[in-house]
Amino acid sequence: MSEPTPRITLYQRWLAQHRDLHFDDYDALWRWSTSDLPGFWSSIWDYFAIESPTPWSAVIEAEVMPGARWFPGAQLNYARQALRHADAAQAAGHPALVFQNERLAAPVAMSWHELRRQVGCFAQRLRAAGVQRGDRVCAYLPNTPQAVVAFLATASIGAVWSVCSPDMGPVAVLDRFRQIEPKVLVAVDGQVWGGVVHDRRAVLREVLDALPSVRHLVFLADVDPSANAEDFAAPGRALHRFEDWAAGDAGDWQPEWLPFDHPLWIVYSSGTTGLPKPIVHGHGGIVLEMLKGGLHNDIAPSVEGAPWRPQAAAPRGGPGSPAKPDLPYEFGERFHWFSSTGWIMWNAQVGGLLSGTTICLYDGNPGGPNPASGRPADWGTLWRFAAAAGVTWFGAGAAFYASCLKAGVEPVREGDLSRLRAIGSTGSPLSDEGYQWIWDHCPKVDGHDIWLNPISGGTDFAGAFVAGNRTLPVVKGEMQCRCLGAAVAAWSEDGRELVDEVGELVCTKPMPSMPLYFWNDEGGRRYRESYFDMFPGVWRHGDWIRITPRGGAIIYGRSDATINRHGIRMGTAELYRAVEALPEVLDSLVVDLEYLGRESWMPLFVVLREGLRLDDALKARIKAAIRQALSARHVPNEVFQVAAIPRTLSGKKMELPVKKLLLGAAPETVLKRDAMANADSLDWYVDFARRRAQGAGTG
């Protein structure tokens, strides 16, 4: 398969033609993009022909963090940007989405016109139900077309979207939704995972009972046709069927124009204390970030040999505005990133629609049992889906590739992957063995190893800090480059920039997709504490990073104690609530030892009531409590009984020092006994770390 001109090259040609900007290499382009924020972000606006009925007065009012205000005066809508491609993509013969789950024998497609119709009908039902701009519409849905329809409909009327995956238990769901008080809940009856039907109606009932703000339940009977919305009747709560809300004729419906910084969705990123952080992102910032990300993923619209040209938009305004370029687009990409709705990569996958890309959704266990083949763990499932769906761009968490490698899967033997031309990875660092396995067992492209594009970013800004560039070499263990517009650096604890050394990942300039605010965060205190406490005015992300001399980046895992299991970040506080609710458990501490491509290993340490012993039955109860409250992803690998949990003088659990100790740090460099309330407790952990390093420990 012959490779087209990389999109990032086409963008550079456009810069030369329309802005008279010329760059010798990517490093020069990146430095311009992070030093001239107005020039760079206005170029993204113009290059992608973003439409606004009103001009903007400035690209950015002040380059400060937090508080930067972008494109004041402009109006747009995420759903409008996605659906603007409907007629042209439909005419070119490309669907909007392709979907398969464990019950479907083959993928099914939804056309752009059908997507637009369902979104329009659902949006009008929301309006008829009294949903106004700013109201929250929450969902308890798997990765299905219905989730995409409900999200786009919510966005189209200016309501605010938030979703949890149905594998999440009631504690995790309520920790999120109770903070934002939704007016509407869209929910499914259950999910088939690994060949097993998981009935979630009891969880849904518990969630609804604890959310009095919900005035409308939109119910989807997906796994049990007899499931009935009437089972959830309550005074003041209207009941609706999803299929009714998506049915009918949308007429001449169009998404509403909204201010650039109007709230789009609320996503959640957990720290080590308190409830999950309800992060609010805006329409404009997300549209810009995800379109820009398409340049790095090489799935942005092509500007050569295109069959159509977008309608001209109103003048973008601003001083010295150049004429709007004549920008043709080209369709044909099929983008898949395996994800649950609870991971920001679901948002990123749906973001493919913004550039007219066909998104390919799979809902199910990627390594579940396969009765047809007799395999107890069939890690070829997603590769067969990719072949059947004609996927051109395949993404998944690093843990997925590690599982395929261990299972001996050879993707080229699972189906016809001749259309596949790129592989993406995120969630944790990809090991060197993972790189080689992909090159050895995925199809060649034009005689060369397939392009491998590991990325790293975060829920916090719904984007990537370091990612790929098809024009640069791929080096094992490295991500190819820092992203355009992302002023990323490695800093020491005292704020010095480090070259070819491991340091804190920081971003020194604002980006449009950084949070507008946290929900119910009076005065922005929690927002500032989350990212700007360590380096005021500079975003500290919470990862360890090294920028290599060639400009690549290596991520070494979390620099804080947040759990990052299979790409899903979860606060330790959420796990503690589940574990310490058990009467046998007095105290607990958990750390995630994912580090530089090693498989994640997460031990849980528990203090039990006097006289109790941690036997297999209690271990099973602890793991079951975590699985029920959070998800199966957050069940620890091992549980250990300890005499005490190390705590600071102020009573905080010493998660990060214990994590660093177990990663091999010298005890004297990470443990300050004079700052502890119970210094004697450290001896057990020091000995445990020593035995583990010598191979006598577990992991």
Side-chain angles (χ1 to χ4, degrees), residues 1-7 10 48-49 51 78-101 104-121 143-149 151-152 246 249-250 252-255 290-291 294-295 297-312 326-337 349-362 382-395 415-422 443 445-446:
M1 176 178 179
S2 181
E3 279 295 286
T5 303
R7 271 69 166 189
L10 298 174
F48 289 106
E51 298 174 317
Y78 181 109
R80 179 179 285 270
Q81 172 66 26
L83 296 173
R84 69 183 288 201
H85 305 291
D87 291 339
Q90 179 103 3
H94 299 291
L97 60 85
V98 177
F99 170 70
Q100 189 174 1
N101 62 17
L104 291 170
V108 295
M110 178 184 285
S111 73
W112 281 93
H113 285 174
E114 177 62 12
L115 176 63
R116 183 169 61 187
R117 185 197 65 76
Q118 290 195 29
V119 170
C121 291
N143 182 24
T144 61
Q146 290 91 341
V148 177
V149 167
F151 160 58
L152 291 176
D249 182 358
D252 60 356
W253 167 88
Q254 291 290 331
M290 292 194 170
L291 287 174
L295 297 175
N297 286 336
D298 202 32
I299 58 171
S302 171
V303 295
E304 290 186 346
W308 76 289
R309 298 170 187 274
Q311 296 178 342
D326 191 13
L327 180 69
Y329 282 11
E330 187 175 73
F331 304 107
E333 295 289 357
R334 293 200 173 195
F335 178 50
H336 166 72
W337 200 296
Q349 179 176 235
V350 175
L353 296 172
L354 295 169
S355 59
T357 298
T358 299
I359 59 173
C360 300
L361 315 175
Y362 185 85
L382 284 185
W383 300 109
R384 293 192 297 276
F385 166 69
V391 168
T392 62
W393 214 108
F394 182 100
D416 179 6
L417 295 172
S418 58
R419 294 195 66 199
L420 188 63
R421 63 184 195 85
V445 179
D446 202 19

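Between Val391 and Leu420 there is a side-chain heavy-atom pair separated by less than 4.5 Å. The shortest side-chain heavy-atom distance between Thr144 and Asn101 does not fall under the 4.5 Å cut-off. Residues Val149 and Leu115 meet the side-chain proximity criterion, which asks for heavy atoms closer than 4.5 Å. Counting heavy atoms from C-beta outward, Leu361 and Val98 have side chains that stay 4.5 Å or more apart. Between Leu353 and Val148, the closest side-chain pair of non-hydrogen atoms falls below 4.5 Å. Two residues are said to be in side-chain contact when any heavy atoms from C-beta on lie closer than 4.5 Å; Trp253 and Val119 meet this criterion.
Residues passing the ring pair (Phe, Tyr, Trp, His ring centres under 6.0 Å) test with Trp393 are Phe335, Trp337, sequence neighbours excluded. Considering only residues two or more places apart in sequence or on other chains, Arg334 meets the salt bridge (charged side-chain N to carboxylate O under 4.0 Å, His left out) condition with none of them. Judged as a side-chain hydrogen bond (donor to acceptor under 3.5 Å, both in side chains), and not counting sequence neighbours, the contacts of Gln118 are Glu114. When the side-chain hydrogen bond (donor to acceptor under 3.5 Å, both in side chains) test is applied to Thr357, the partners found at least two apart in sequence or on another chain are Ser355. Contacts of Asp416 classified as salt bridge (charged side-chain N to carboxylate O under 4.0 Å, His left out), with partners at least two apart in sequence or in another chain: none.
To the nearest 0.5 Å, the span separating OG1 on Thr392 from CD1 on Ile299 amounts to 8.0 Å.
Shortest non-hydrogen contact noted between Pro145 and Met110 is CB-CE, 4.1 Å. Contact detail for Phe394 and Ala386: the closest heavy-atom pair is CD1-CB, 3.8 Å. Cys121 and Ala250 get closest at one heavy-atom pair: SG-N, 3.7 Å.
Remark: Arg421 engages Glu333 in a salt bridge, criterion side-chain N to carboxylate O under 4.0 Å.
Aromatic ring centres of Phe151 and Tyr78: separated by under 6.0 Å.
Screening residues 86-100 for side-chain hydrogen bond (donor to acceptor under 3.5 Å, both in side chains) gives Asp87-His113, Asp87-Arg116 as the qualifying pairs, with residues at least two apart or on separate chains.
The main-chain N or O of Pro255 is found under 3.5 Å from a side-chain atom of Arg80 such that the two form a donor-acceptor pair.
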**Item:** Trace of the side-chain contact (heavy atoms from CB on, under 4.5 Å) decision for Gln349 with Asn143
**Value:** CA-CA 10 Å; Gln349 179 176 235; Asn143 182 24; 3.9 Å; yes

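Using the six-membered ring where Trp is involved, Phe385 and His336 have ring planes that are perpendicular, over 60° apart on the 30 and 60° scheme.
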